J.: 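Mind having a look at this structure? Questions to follow.
Because the structure is predicted, anything quoted here is derived from the model rather than measured. So you know, we letter chains A, B, ... as the sequences are listed, proteins then strands, and number each from 1.
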Amino acid sequence: MINPHTKDKNTFGFWVYIMSDCVLFAGLFATYFVLQGATFGASTIDEIVDLPFVLVETILLLTSSFTIGLALLAARSGKKNLTLSFLLLTFLLGLGFLGMEVFEFMKLVGEGSGPGRSAFLSAFFTLLGTHGLHVFLGLIWMLAVMAHVMLRGVGEKTLSKIMCLSLFWHFLDIIWIFIFTLVYLMGALAF
Amino acid sequence: MKSLNAYILGFVLSIGFTLVAFWTVGAGFGAGMGVGILVVLAVLQLLVQLILFLHLGREPKPRWNLIAFFFALFVVVVIVGGSLWIMNNVNHEQLGSYNVFEKENIPAPNHEDHSN
């Protein structure tokens with residue numbers, strides 16, 4: 001199996017960006033762990049976590065990570081319509097994930113557990129919000145790539161765009177796995 | 001088609017690890033054991049994503065992607081590990097002092113005594 005991600009300098013440059021984004025998330029994770037206990041009398045993590053809900057979110061995102069891989073494979077074999085279908089499927093799964101996350105945020109804010117309530121909640125909203133913002137930007141980017149594929153088909157340039165997008169999407173999936181494990185599952189376990 | 005198989009295997013494994021991790025929380029392991037299992041599952045999940053989805057380490061030499069990855073991993077470990085280490089120490093020195101009083105049955109300092 002050859003690596004489809006290292007064909008040109010663009011993808012390497014993009015990979016370096018992703019690695020620096022990892023460092024950004026490391027800072028947010030560190031902040032979250034340090035402030036996890038600083039609840040100031042407001043909700044703790046085990047009170048706000050709804051595990052089955054988060055499990056559905058996780059499965060949506062994991063599936064979308066798979067379908068964007070399929071989109072990349074379809075693009076590499078030059079199948080325009082298949083590429084578009086998988087990108088659309090990825091987009092819908094991502095949108096479902098983001099919708100669920102926004103719903104969760106609205107619910108928490110409605111219950112009086114907004115980001116201003118305690119240091120823990122600030123860190124929680126910052127970490128998850130930054131991830132959600134990445135997903136949101138990824139979705140907009142995905143629309144742009146889909147438009148590009150629709151207008152110009154799957155050539156060398158489009159392939160490079162889809163490669164970068166798929167790298168970005170897999171990266172968001174990895175960050176979410178750590179949020180799922182370290183924030184939600186351990187939060188439900190540790191108390 | 002080998003790449004397709006890698007993606008399918010990655011997908012099945014990642015869903016599997018997620019479900020096992022989810023089950024672990026409800027299965028009633030102790031906190032220590034449970035956290036250990038979750039960390040192992042998260043690392044396995046990370047490896048699945050890196051190897052089967054991102055194809056890390058599959059590039060021809062020189063492996064710049066892999067080198068950039070290890071550097072990022074190093075920085076991440078320093079930031080997260082260092083923050084936790086330092087902040088736990090600070091908590092121990094300051095906020096934790098009351099626990100010491102409780103443990104040894106020494107009355108905690110009375111803050112209402114301040115004149116003025």
J.: Among B:Asn88, B:Leu84, B:Val75, which residue forms the greatest number of heavy-atom pairs with chain A at distances under 4.5 Å?
T.: B:Leu84
J.: Closest heavy-atom contact between B:Val35 and A:Leu189?
T.: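 Shortest heavy-atom separation between B:Val35 and A:Leu189 comes out as N-CD2, 3.4 Å.
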J.: Looking at A:Thr63, A:Leu182, A:Thr58, which makes the most heavy-atom pairs under 4.5 Å with chain B?
T.: A:Thr63
J.: Over 60° means perpendicular and under 30° means parallel, so tell me whether A:Trp15 and B:Phe69 are parallel, tilted or perpendicular.
T.: tilted
J.: Heavy-atom cut-off 4.5 Å, strictly under: side chain, backbone, both or neither for A:Ser20 against chain B?
T.: neither
J.: Need one label for A:Phe25: side chain, backbone, both or neither, based on atoms under 4.5 Å from any heavy atom in chain B.
T.: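 Neither part.
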J.: Using heavy-atom distances under 4.5 Å, tell me whether A:Leu62 contacts chain B through its side chain, its backbone, both, or neither.
T.: both
J.: Which residue out of B:Ile8, B:Ile86, B:Leu19, B:Val25 racks up the most heavy-atom pairs below 4.5 Å with chain A?
T.: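 So the answer, after comparing B:Ile8, B:Ile86, B:Leu19, B:Val25, is B:Val25.
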J.: Testing the basics here: between B:Val80 and A:Ala30, what is the closest heavy-atom pair and its distance to 0.1 Å?
T.: CA-CB, 4.0 Å
J.: Side chain from CB out, backbone as N, CA, C, O: work out which of these in B:Leu41 comes under 4.5 Å of a heavy atom of chain A, or both, or neither.
T.: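 When you check distances to chain A, no heavy atom of B:Leu41 falls under 4.5 Å.
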J.: Please classify the contact of A:Leu51 with chain B as side chain, backbone, both or neither, using a heavy-atom distance under 4.5 Å.
T.: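 Both backbone and side chain of A:Leu51 come within 4.5 Å of chain B.
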J.: Shortest non-hydrogen contact from A:Leu73 to B:Ser3?
T.: CD2-CB, 3.5 Å
J.: Using heavy-atom distances under 4.5 Å, tell me whether A:Phe33 contacts chain B through its side chain, its backbone, both, or neither.
T.: both
J.: Heavy-atom count check: over 12 atoms from other residues, nucleotides or ligands less than 6.0 Å from A:Tyr17 OH?
T.: yes
J.: Using non-hydrogen atoms only, which part of B:Val39 is less than 4.5 Å away from chain A: side chain, backbone, both, or neither?
T.: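 Contact with chain A: backbone and side chain both.
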J.: Check B:Leu50 against A:Ile174 and note the closest heavy-atom contact, atom names and distance.
T.: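 Looking at all heavy atoms of both residues, the shortest contact is CD2-CD1, 4.1 Å.
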